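Please read all numbers here as calculations on a predicted model, not as lab measurements. Because only heavy atoms are used, hydrogens play no part in the values below, and waters and symmetry mates are left out as well, while side chains stay in. Throughout, residue positions are numbered sequentially from 1 according to the sequence presented.
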Amino acid sequence: QVQLVESGGGLVQAGGSLRLSCAASGSTFSINAARWYRQAPGKQREFIAAIGSSGSTNYANSVKGRFTISRDNDKNTVYLQMNSLKPEDTGVYYCNAVGTYSGSNPSYWGQGNQVAVTS
């Protein structure tokens with residue numbers, strides 16, 4: 001079974017940085033495109049960033065200029081570099097990846113990664 005394993009979350013003070021990783025397990029699933037979402041307690045999940053197969057990127061206005069989504073195809077991993085963090089960035093971050101697996105193009109979700117930003 002394909003898994004997306006997230007890591008890199010934690011507690012950080014305002015103005016600090018964190019780097020989230022989302023790695024696909026095994027060698028049968030190849031990531032084509034990926035997105036990052038976050039969900040604050042009691043709130044709806046929101047889109048944060050996306051990266052396409054060609055490397056094109058898209059960001060929510062709330063994180064534009066501060067966050068960077070990237071990928072390492074050799075490692076089959078997607079990253080989210082978060083700089084100049086604010087308390088409102090606090091939440092659970094989820095990666096979602098679309099790829100190729102056994103002749104189809106399914107999508108998978110990571111397990112979630114807690115980010116807490118203190119003032």
Side-chain angles (χ1 to χ4, degrees):
Q1 180 66 41
V2 173
Q3 286 186 304
L4 296 181
V5 181
E6 299 185 32
S7 62
L11 178 67
V12 65
Q13 61 187 15
S17 299
L18 285 173
R19 187 197 192 203
L20 304 182
S21 298
C22 177
S25 66
S27 60
T28 58
F29 181 74
S30 180
I31 296 174
N32 294 331
R35 301 179 181 88
W36 286 96
Y37 297 85
R38 73 183 175 200
Q39 187 169 15
K43 297 183 178 180
Q44 190 174 355
R45 183 187 64 191
E46 64 175 330
F47 167 80
I48 296 299
I51 187 167
S53 179
S54 66
S56 62
T57 58
N58 187 35
Y59 300 93
N61 285 332
S62 61
V63 305
K64 193 173 298 182
R66 299 187 298 119
F67 290 12
T68 302
I69 187 171
S70 62
R71 63 190 299 159
D72 186 334
N73 291 334
D74 292 336
K75 296 181 178 179
N76 211 12
T77 300
V78 179
Y79 304 96
L80 184 68
Q81 178 67 46
M82 304 183 293
N83 299 326
S84 302
L85 283 163
K86 305 174 181 179
E88 49 263 47
D89 294 319
T90 294
V92 179
Y93 285 70
Y94 299 90
C95 67
N96 175 264
V98 177
T100 301
Y101 178 69
S102 297
S104 62
N105 299 103
S107 64
Y108 295 94
W109 287 92
Q111 82 280 6
N113 212 295
Q114 178 71 55
V115 172
V117 185
T118 63
S119 60

(message) Side-chain heavy atoms nearer than 4.5 Å, only ILVMFWY residues, links allowed to pass through others: does that put Ile48 and Tyr79 together?
(response) no
(message) Would you say CD of Glu88 has more than 12 non-hydrogen atoms from neighbouring residues, nucleotides or ligands within 6.0 angstrom?
(response) yes
(message) To the closest 0.5 Å, what do you measure between CZ (Arg19) and CE (Met82)?
(response) 11.5 Å
(message) Looking at Glu6, is its backbone amide N or carbonyl O close enough to the side chain of Gln111 to form a donor-acceptor pair, meaning the two atoms are under 3.5 Å apart?
(response) yes
(message) Quick one, Tyr37 and Val92 - any side-chain contact, counting heavy atoms below 4.5 Å?
(response) no
(message) Once rounded to the nearest 0.5 Å, what's the spacing between atom OG1 of Thr57 and atom CZ of Phe67?
(response) 14.0 Å
(request) Treat each ILVMFWY residue as a node, draw an edge where side-chain heavy atoms are under 4.5 Å apart, and state whether Val12 and Val63 are in one component. (result) yes
(request) Keeping the roles fixed (side chain from Asn96, backbone from Tyr108), state whether a donor-acceptor pair exists under 3.5 Å. (result) yes
(message) Taking atom CD as the centre, does Glu46 end up with more than 12 heavy-atom neighbours from other residues, nucleotides or ligands that are less than 6.0 angstrom away?
(response) yes
(message) Tell me the closest heavy-atom pair linking Ala34 and Ile69, and the distance in Å.
(response) O-CD1, 4.0 Å
(message) For Asn32 versus Arg71, what's the shortest heavy-atom pair and its separation?
(response) O-NH1, 2.8 Å
(message) Starting from Leu11 and following side-chain heavy-atom contacts under 4.5 Å between hydrophobic residues (I, L, V, M, F, W, Y), which residues can be reached?
(response) none
(request) Can you sort out the partners of Asn83 under side-chain hydrogen bond (donor to acceptor under 3.5 Å, both in side chains), two or more places apart, ordered by chain and number? (result) Ser17, Gln81
(message) What's the separation between atom OG1 in Thr77 and atom CD1 in Ile31, rounded to the nearest 0.5 Å?
(response) 6.5 Å
(request) Over 60° means perpendicular and under 30° means parallel, so classify the ring planes of Tyr94 and Trp109, tilted if in between. (result) perpendicular
(request) Tell me whether the guanidinium CZ or amine NZ of Arg35 lies under 6.0 angstrom from the six-membered ring centre of Phe47 and within 45° of its axis. (result) no
(request) Write down the atom of Pro106, the atom of Phe29, and the distance for their closest heavy-atom approach. (result) O-CE1, 3.9 Å
Donor-acceptor contacts under 3.5 Å from residues 112-119 side chains, at least two apart:
unit_1 : atom_1 : unit_2 : atom_2 : d
Asn113 : OD1    : Gly9   : N      : 2.7
Gln114 : NE2    : Gly91  : O      : 3.4

(message) Between Asn105 (side chain only) and Val98 (backbone N and O only), is there a donor and an acceptor less than 3.5 Å apart?
(response) no
(request) Only one of Asp72, Asn73, Val78 passes side-chain contact (heavy atoms from CB on, under 4.5 Å) with Lys75; say which it is. (result) Asp72
